[in-house]
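I have placed the structure first, in the form of structure tokens, so that the comments after it can refer back to it.
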Amino acid sequence: MAKAITICFKNPIKQSISSLAMKVAKRIEPNNVHAQQPYIFENENTITLIYNPTSTIIRKDANVFLGTCKSTNDLFEQNAPLPNGSYVLFRVGNKTVEIASDYAASRTLWYYNDSKLFMASTSQRMIVSFLGDFQLNKKACSWFLCTGTLGPRFILG
């Protein structure tokens, strides 16, 4: 199954990190499968990686749509209505990022946010691989296990 991650840097990055993206793609590849060549888009503020891309994935630069829907006319227009279907959508604009999943959450979205970057992915492992570190937030564990959320004090802001 294809997995996607989009990382938006709050300040322009001065060096290419596409080699890091290739290492992440290789790291999550099982040893009994040969995946397709990853899709990597990079500019001064954003990098998007699609691990094991297929022809059914719709992409335009950093924008990615995994799944199916009725109409694809305005998929990547900022603030456009969300489509009907089964999907995950990453819309990356000049100053905004939109991530969305269908109402049934057929594909789970994970995110990380700090003062330097925002990243969203369909894979926790891709996020941890890019960060190079994982620190468990014990306060959020019980909330997550019970409700699937991080709790009232840990919202994206």
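Just so you know, residue 1 is the first one in the sequence shown, and it goes up from there.
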Self-check item: Partners passing salt bridge (Lys or Arg N to Asp or Glu O under 4.0 Å) against Arg91 (at least two apart in sequence or in another chain)
Solution: Glu98

Donor-acceptor pairs are to be reported for all side-chain atoms of residues 4-13 against protein atoms at under 3.5 Å, with residues two or more places apart or in another chain.
| unit_1 | atom_1 | unit_2 | atom_2 | d |
| --- | --- | --- | --- | --- |
| Thr6 | OG1 | Thr48 | OG1 | 3.2 |
| Lys10 | NZ | Asn113 | OD1 | 2.9 |
| Lys10 | NZ | Asp114 | O | 2.5 |

Self-check item: Pairwise side-chain contact, Leu89 with Cys69, heavy-atom cut-off 4.5 Å (strictly under)
Solution: no

Quiz item: Should side-chain heavy atoms under 4.5 Å link Ile, Leu, Val, Met, Phe, Trp and Tyr, which residues sit in the same cluster as Phe134?
Solution: Val128, Leu136

Practice problem: Hey, could you give me each pair passing ring-ring contact (aromatic ring centres under 6.0 Å, His included) that has a residue in residues 23-62? Not counting sequence neighbours. | Solution: none

Quiz prompt | Same apolar cluster: Val97 and Leu82, side chain cutoff 4.5 Å | solution = no

Exercise. Only counting residues at least two apart or in another chain, list the ones meeting side-chain hydrogen bond (donor to acceptor under 3.5 Å, both in side chains) with Gln78.
Key: Thr96

Self-check item: Close side-chain approach of Phe130 to Leu20, heavy-atom, < 4.5 Å
Solution: yes

Self-check item: Gap between atom CD of Gln36 and atom CD of Glu29 - 0.5 Å precision
Solution: 10.0 Å

Practice problem: With the side chain counted from C-beta on, respond yes when Lys3 and Ile50 share a heavy-atom pair under 4.5 Å apart, and no when they do not. | Solution: no

Quiz item: Among all residues two or more places apart in sequence or in another chain, which pass the side-chain hydrogen bond (donor to acceptor under 3.5 Å, both in side chains) test with Ser16?
Solution: Ser18, Glu42

Exercise. Treating Ile, Leu, Val, Met, Phe, Trp and Tyr as nodes and any side-chain heavy-atom pair under 4.5 angstrom as an edge, say whether Leu109 and Tyr87 lie in one connected cluster.
Key: no

Quiz prompt | Pairs meeting criterion side chain to side chain donor-acceptor pair (under 3.5 Å) with involvement of residues 120-133, two or more places apart | solution = Asp133-Gln135

Quiz item: Minimum heavy-atom separation for Arg107 to Ala2, with atom names?
Solution: NH1-O, 3.4 Å

Let me check something: any side-chain donor-acceptor pairs from residues 55-67 under 3.5 Å, sequence neighbours excluded? List them with distances.
| unit_1 | atom_1 | unit_2 | atom_2 | d |
| --- | --- | --- | --- | --- |
| Thr56 | OG1 | Thr54 | OG1 | 2.9 |
| Asn63 | OD1 | Val92 | N | 2.7 |
| Asn63 | ND2 | Lys60 | O | 3.1 |

Quiz item: Mind checking what makes salt bridge (Lys or Arg N to Asp or Glu O under 4.0 Å) contact with Lys23, not counting sequence neighbours?
Solution: none

Quiz prompt | All side-chain hydrogen bond (donor to acceptor under 3.5 Å, both in side chains) counterparts of Ser106, not counting sequence neighbours | solution = Ser86, Asp102

Self-check item: Parallel, tilted or perpendicular, as decided by the 30° and 60° cut-offs, for the rings of Tyr111 and Phe118
Solution: parallel

Exercise. Please identify each residue that fulfils side-chain contact (heavy atoms from CB on, under 4.5 Å) with Ala105, with sequence neighbours left out.
Key: Ser101

Quiz item: Can you tell me if Asp74 uses its side chain to pair, donor with acceptor, with the backbone of Ala80 under 3.5 Å?
Solution: no

Practice problem: Could you pull out all residues at least two apart from Thr147 that satisfy side-chain hydrogen bond (donor to acceptor under 3.5 Å, both in side chains)? | Solution: Thr149

